[in-house]
Trainee: 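Below is the structure I would like to discuss, written out as C-alpha cells.
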Amino acid sequence: MNKEFLSASLKLTAINPVTEKKTTVTLNDLTQDAPVEDVEAVRNALQSVIEEPIATVEAVHTFAFA
C-alpha cells in the first residue's frame with residue numbers, strides 16, 4: 001500500500017476567557033513538513049490581530065492510500 005500526501009492546513013483556535021467562545025482560523029495549502037519555527041511565526045503574527053488568546057495550533061494532513 002502506498003501513501004500519497006494530498007494536502008495540509010493549519011488550524012488555530014482562540015478562546016475568549018470570559019465567554020469561552022471559540023474562534024477558529026484555518027489556513028490551507030500548508031506544506032507537508034512545515035518547520036515548527038514557521039508555524040510559531042504564523043501563530044505570533046495572527047495573535048497580534050486576534051483579540052482572544054490563541055489556545056491551540058493544529059496541522060491537519062490529508063493522505064491517500066492506494
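Not measured: the values here are computed from a predicted model.
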Trainee: Out of curiosity, Asp29 CG to Leu10 CG, how far, rounded to the nearest 0.5 Å?
Mentor: 12.0 Å
Trainee: Which atom pair, heavy atoms only, marks the closest approach of Phe5 to Phe63?
Mentor: CA-CD2, 3.5 Å
Trainee: Identify, with sequence neighbours excluded, every residue that meets side-chain contact (heavy atoms from CB on, under 4.5 Å) alongside Thr19.
Mentor: Asn16, Lys21
Trainee: So how far is it from Phe65 CZ to Leu6 CG, rounded to the nearest 0.5 Å?
Mentor: 9.5 Å
Trainee: May I ask whether Ile15 and Val25 are part of the same hydrophobic cluster, defined by side-chain heavy atoms of I, L, V, M, F, W, Y residues being less than 4.5 angstrom apart, directly or through others?
Mentor: no
Trainee: Decide if atom CG of Asn28 counts as having more than 12 heavy atoms of other residues, nucleotides or ligands within a radius under 6.0 Å.
Mentor: yes
Trainee: Ignoring hydrogens and angles, write down the donor-acceptor pairs under 3.5 Å from the side chains of residues 38-62, residues two or more places apart or on other chains.
Mentor:
residue, atom, partner, partner atom, Å
Asn44, ND2, Glu40, O, 3.3
Gln47, OE1, Ile54, N, 2.6
Gln47, NE2, Ile50, O, 3.2
Gln47, NE2, Glu52, O, 3.0
Ser48, OG, Ala45, O, 2.6
His61, NE2, Gln32, O, 3.0

